[in-house]
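Chain identifiers are assigned alphabetically (A, B, ...) following the order of the sequence lines, protein sequences preceding nucleic acid strands; residue numbering begins at 1 within each chain. Values reported hereafter were calculated over all heavy atoms of this structure, with side chains retained and with hydrogens, waters and symmetry mates removed.
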Amino acid sequence: MLLEVILSRPNMLAAYDRVVGNKGAAGIDGVEAADFQSQLQRDWAQVKSQLENGSYQPNAVKRVTIPKPNGGERHLGIPTYMDRLIQQAISQVLVQQYEPTFSETSYGFRNEKNAHQAALKAKEYINAGYSHVVDLDLSQFFDRVNHDYLMNELSRRITDKRVLKLIHKILRSEIAERTNRIPCKQGVPQGGPLSPLLSNIILDKLDKELEKRGLRYVRYADDCSIYVKSKRSGERVMESITRYIEKELKLVVNTVKSSVTRPWSMKLLGFTFYHRKGEKGISVHRKSIAAYKDKVRIITCRSKPYSMVLRMEHMRQLNQGWGNYFKLSEAKSVFEELDMWVRSRLRLCYWHQWKKPRTRITELIKLGVSPNQAYQWGNTRKGKWRSVQSPMLRRAMSNSYLKKEGFTSLTDIVKPPKTVNV
DNA sequence: TAGCCGTCGAC
RNA sequence: GUUGUCGACGGCUA
């Protein structure tokens with residue numbers, strides 16, 4: 001019954017569009033987005049019948065290790081395109097069933113909810129006098145999910161045994177490292193389309209427990225903070241909730257990174273809170289500001305052969321992403337100071353290049369700008385950066401020019417660009 | 001209003 | 001060697 005809904009044509013088509021549209025890397029079988037359609041045409045009839053009679057076995061997931069910003073490592077499990085399609089199809093159906101029953105103050109991976117709202121909710125609690133925070137950190141949450149617990153939880157709401165068995169097989173699918181294959185005893189694959197939903201299904205139990213105890217909290221994926229009125233009650237809550245998580249949910253609380261603190265010394269989704277001279281408000285955490293500054297430094301690095309046009313395009317990209325982020329900040333002085341800093345760096349950059357306008361003009365012409373306009377843009381001394389935002393120029397830049405320079409997006413220049421070691 | 005594409009952020 | 005979900009913004013087309 002439920003399986004038929006999952007395998008219905010409109011659902012599968014929607015899942016296909018999503019999976020291909022993501023243009024993600026290939027799984028263990030090496031099938032890319034471009035090859036996937038032909039693979040599907042060849043194998044889908046067989047895979048579908050295997051799914052229907054319960055004999056389908058998911059492929060192993062590809063293990064990729066990426067560094068975390070704070071120094072640690074993060075393991076990704078990349079399923080094949082076929083498995084991503086199946087997981088996406090399951091996810092689309094299960095979301096409809098589960099989403100309405102999730103808690104109001106859970107914000108991660110939820111439709112029509114974002115980090116913005118979570119931070120505002122936290123602020124609301126703090127202004128209501130709940131000015132001590134229990135900051136819970138679950139260590140390697142995705143990797144430590146207990147399969148038995150999760151399956152048991154799923155079987156309460158999903159009656160179709162075939163779907164349950166399929167999900168169980170997806171959870172247990174092997175992890176392929178360079179040479180060997182390891183069976184998966186616990187955890188959900190970080191990188192599977194179904195994983196975010198599964199994480200919310202597990203931690204929804206935590207939400208319901210916190211609500212039962214009448215506590216104020218905000219949760220974003222595995223990042224959970226509880227708001228209380230005193231340090232004493234905070235420590236009591238920390239104690240009992242840690243016990244609950246470890247005994248009932250079979251997860252591990254990172255006791256080193258979890259703590260009972262004040263709002264102004266915590267980092268919540270890139271934000272923080274301040275309380276100075278009776279003024280309470282929300283601000284951007286210094287680590288986020290530092291990250292922003294690092295990116296600006298790279299964009300405005302004068303020693304790099306990096307054209308002013310491209311610098312401005314990257315600044316625009318960066319700001320459109322961070323604009324919203326900073327918009328919530330009520331600490332105006334911090335924002336203005338940062339703005340001044342960026343402007344001064346850009347001005348320095350521009351002056352450096354301004355010495356040779358001719359090269360700038362030819363550069364613009366090479367990008368496909370008409371000579372008239374290139375002369376106009378290239379010769380202006382200041383204040384003309386905004387005029388570079390024409391559709392034609394942007395198209396020229398995002399395709400040929402950026403590829404020729406060796407980077408395709410901002411994230412590529414932040415990371416060291418293509419080191420070839422032999 | 002719908003669709004397509006691109007970029008950024010949180011986890 | 002970089003996946004996934006969600007959100008936001010920008011562009012284009014009818």
Side-chain angles (χ1 to χ4, degrees), chain A residues 17-28 30 33 61-70 73-81 83-85 87-88 91-92 94-95 99 102 106-119 137-138 140-142 176-178 188-201 203 218-224 267-271 284-285 287-288 291-292 295 313-328 389-399 402 407-415 418-419 421:
Chain A
D17 280 349
R18 166 61 76 90
V19 168
V20 172
N22 275 345
K23 296 202 217 316
I28 191 72
V61 294
K62 188 164 75 176
R63 162 69 40 107
V64 172
T65 309
I66 57 172
K68 276 201 287 190
N70 55 18
E73 283 186 339
R74 214 163 83 86
H75 295 298
L76 297 179
I78 303 173
T80 62
Y81 263 87
D83 290 329
R84 269 183 252 172
L85 175 74
Q87 287 191 41
Q88 178 66 31
S91 173
Q92 284 168 3
L94 291 195
V95 161
E99 180 71 13
F102 283 149
S106 156
Y107 293 91
F109 311 134
R110 294 283 307 279
N111 292 344
E112 293 159 22
K113 283 176 182 272
N114 56 31
H116 218 96
Q117 297 163 355
D137 184 280
L138 303 179
Q140 284 124 38
F141 166 69
F142 275 94
E177 292 205 313
R178 287 158 209 180
V188 292
Q190 290 195 56
L194 188 56
S195 301
L197 177 64
L198 293 180
S199 83
N200 266 343
I201 289 172
L203 291 177
V218 164
R219 186 172 71 76
Y220 193 105
D222 59 339
D223 195 346
C224 184
K267 178 174 181 290
L268 178 73
L269 309 170
F271 295 103
V284 180
H285 193 265
K287 281 192 177 170
S288 305
Y292 178 80
K295 291 183 180 179
E313 170 63 11
H314 279 152
M315 276 307 299
R316 198 189 57 79
Q317 283 182 8
L318 183 60
N319 282 343
Q320 83 178 36
W322 287 71
N324 270 313
Y325 197 40
F326 283 123
K327 205 167 64 184
L328 197 59
Q389 297 177 31
S390 83
M392 177 186 58
L393 180 58
R394 192 167 304 134
R395 203 173 304 126
M397 224 141 27
S398 57
N399 298 330
L402 291 183
F407 11 80
T408 53
S409 78
L410 190 57
T411 44
D412 283 339
I413 63 161
V414 171
K415 281 180 273 182
K418 284 182 191 167
T419 48
N421 294 327

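Nucleic acid contact class of A/G192 (heavy atoms, under 4.0 Å, all strands): sugar-phosphate only. A/I66 comes within contact range of at least one nucleobase, with a heavy-atom separation under 4.0 Å. Across all strands shown, A/R74 has heavy atoms under 4.0 Å from base atoms, whether or not it also approaches the sugar-phosphate.
Between A/L268 and A/H285, every side-chain heavy-atom pair lies at or beyond the 4.5 Å cut-off. A 4.5 Å side-chain heavy-atom check between A/L197 and A/F102 finds at least one atom pair inside the cut-off. When side chains are defined from C-beta on, A/Q88 counts as touching A/Q92, because their heavy atoms get closer than 4.5 Å.
The nucleotide whose nearest atom lies closest to any side-chain atom of A/N111 is, among B/dC11, C/rC6, C/rG4, C/rC6. Checked against C/rG7, B/dC11, C/rU2, the side chain of A/P67 finds its nearest nucleotide in C/rU2. Proximity note for A/K23 (side chain, C-beta onward) versus C/rU5, B/dG6, C/rU2: the nearest is B/dG6. For A/P196, whose side chain is taken as the heavy atoms from C-beta onward, the closest listed nucleotide among C/rG4, C/rU3, C/rG7 is C/rG4. Residue A/E112 places its side chain closer to C/rG7 than to any other of B/dA10, C/rG4, C/rG7.
Atoms OH (A/Y220) and P (B/dA10) sit 9 Å apart, rounded to a whole Å. Straight-line distance from the CG atom of A/N22 to the C1' atom of B/dC4: 14 Å, rounded to whole Å. Atoms CD (A/Q190) and P (B/dA10) sit 16 Å apart, rounded to a whole Å. Atom-to-atom, CZ of A/R219 to P of C/rU5 comes out at 18 Å; the value is rounded to the nearest Å. A straight line from CZ of A/F142 to P of C/rC6 spans 13 Å, rounded to a whole angstrom. If you measure from atom CG of A/L203 to atom P of C/rU5, you get 19 Å, rounded to the nearest angstrom. Atom CG of A/L76 is separated from atom P of C/rU5 by 13 Å (rounded to the nearest Å). Between A/K68 atom NZ and B/dA10 atom P the separation is 14 Å, expressed in whole Å.
The base-pairing partner of C/rU3, taking Watson-Crick or G-U wobble contacts with both distances under 3.5 Å, does not exist among the strands shown. When both distances must be under 3.5 Å, the Watson-Crick or G-U wobble mate of C/rA8 is B/dT7.
As rounded to the nearest Å, C/rU3 and B/dG6 have P atoms that lie 13 Å from one another. Annotation: B/dT7 and C/rU2 have their P atoms spaced 16 Å apart (nearest Å).
A cation-pi arrangement is absent between A/R110 and A/Y107, since the terminal nitrogen or guanidinium carbon is not both under 6.0 Å from the aromatic centre and inside a 45° cone about the axis.
Distances shorter than 4.0 Å separate none of the side-chain N or O atoms of A/R18 from OP1 or OP2 on C/rU3. Contact between the side-chain N/O atoms of A/K267 and the OP1/OP2 oxygens of B/dC11 is found at a separation under 4.0 Å. Side-chain nitrogen and oxygen atoms of A/R110 include none within less than 4.0 Å of the OP1 or OP2 phosphate oxygen of C/rG7. At least one side-chain nitrogen or oxygen of A/Q88 sits closer than 4.0 Å to the OP1 or OP2 atom of C/rU5.
Nearer the 5' end of RNA chain C, as judged by each residue's closest nucleotide, is the contact made by A/R63, out of A/R63 and A/F109.
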_Verdict with supporting geometry, A/N200 and A/R219, side-chain contact (heavy atoms from CB on, under 4.5 Å)_ = CA-CA 10 Å; A/N200 266 343; A/R219 186 172 71 76; 3.2 Å; yes
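A/A25 and A/Y81 get closest at one heavy-atom pair: O-CE1, 3.7 Å.
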